[in-house]
Amino acid sequence: MNKTEIIAFCPIAPLGCWSLVHRCFVGRCQQALALATHVLGSRTLAVLWLYKPAIGLAHQVPCSILTTRSGYEQVSTLLGRIDHCVYL
C-alpha cells in the first residue's frame, strides 16, 4: 500500500476514514449523480440510470466504471451527448 493510500483515523468517524481511492470514487459518484440529475430531470431517474447497463458505455453499468478517472470521463461524456441529443 502506498503512503498516499494510508489515511489516519478521523476523530469524527468512529471507524476511521476511507482510503484516498475510495474517497475519489465517492466524489465521482456524487458528481455523476448531480450531472445525471441535471440531464435526466430527476434524481430518481438519475439513480436508475447509474445502476443499469448503458448502450453508450458498451453495456457497462455507469456506476461500476466510476472507479477510475477515465471511467468518470466516459460517463460524463455520455451524459453530455444525451443532454445534446448526440447519439452517434
Side-chain angles (χ1 to χ4, degrees):
M1 185 177 288
N2 294 337
K3 287 184 180 182
T4 57
E5 293 178 346
I6 299 172
I7 305 297
F9 287 128
C10 292
I12 58 170
L15 298 177
C17 292
W18 295 101
S19 71
L20 180 61
V21 173
H22 182 75
R23 288 186 289 150
C24 288
F25 169 74
V26 170
R28 287 186 205 108
C29 287
Q30 291 172 343
Q31 290 174 335
L33 178 60
L35 184 56
T37 300
H38 171 75
V39 170
L40 301 174
S42 80
R43 184 177 173 95
T44 302
L45 289 175
V47 169
L48 290 172
W49 184 83
L50 285 169
Y51 286 96
K52 289 188 176 185
I55 294 170
L57 297 172
H59 299 282
Q60 297 179 80
V61 177
C63 71
S64 71
I65 65 170
L66 292 175
T67 56
T68 64
R69 182 181 301 183
S70 65
Y72 172 76
E73 290 170 358
Q74 291 175 32
V75 170
S76 64
T77 297
L78 178 58
L79 285 168
R81 293 176 69 167
I82 291 169
D83 193 30
H84 293 94
C85 301
V86 178
Y87 300 109
L88 299 174

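Just the heavy atoms: all of them, side chains too, but no hydrogens, waters or symmetry mates, feed the values below.
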Check your understanding: If you measure from CD on Gln74 to CG on Leu57, what distance do you get to the nearest 0.5 Å?
Key -> 6.5 Å
Check your understanding: What distance do Leu35 atom CG and Gln31 atom CD have between them, rounded to the nearest 0.5 Å?
Key -> 9.0 Å
Check your understanding: Residues two or more places apart in sequence or in another chain: which of them pass side chain to side chain contact (heavy atoms under 4.5 Å, CB included) with Ala32?
Key -> Leu50, Leu66, Tyr72, Val75
Review point. So how far is it from Phe25 CZ to Gln30 CD, rounded to the nearest 0.5 Å?
Key: 10.5 Å
Exercise for review: State the CZ-OG distance between Arg28 and Ser76, to the nearest 0.5 angstrom.
Suggested key: 11.0 Å
Review point. Would one find more than 12 heavy atoms of other residues, nucleotides or ligands at under 6.0 Å from atom NE2 of His38?
Key: no
Practice item. Decide yes or no on side-chain contact (heavy atoms from CB on, under 4.5 Å) for Val61 and Trp49, but give the supporting numbers first. Key: CA-CA 9 Å; Val61 177; Trp49 184 83; over 6 Å; no
Point to revise | Qualifying residues under side-chain hydrogen bond (donor to acceptor under 3.5 Å, both in side chains), relative to Ser70, sequence neighbours excluded | key: Thr68
Review point. Leu78, Leu45: one ILVMFWY side-chain cluster at the under-4.5 Å cut-off?
Key: yes
**Study point:** Interatomic distance, Ile82 atom CD1 to Leu40 atom CG [nearest 0.5 angstrom]
**Key:** 6.5 Å
Check your understanding: Which side chain to side chain donor-acceptor pair (under 3.5 Å) pairs, counting each pair once, include a residue from residues 50-62, with sequence neighbours left out?
Key -> none
Exercise for review: Heavy atoms only: give me the nearest Leu33-Ala46 pair and the separation to one decimal.
Suggested key: CD1-CB, 3.8 Å
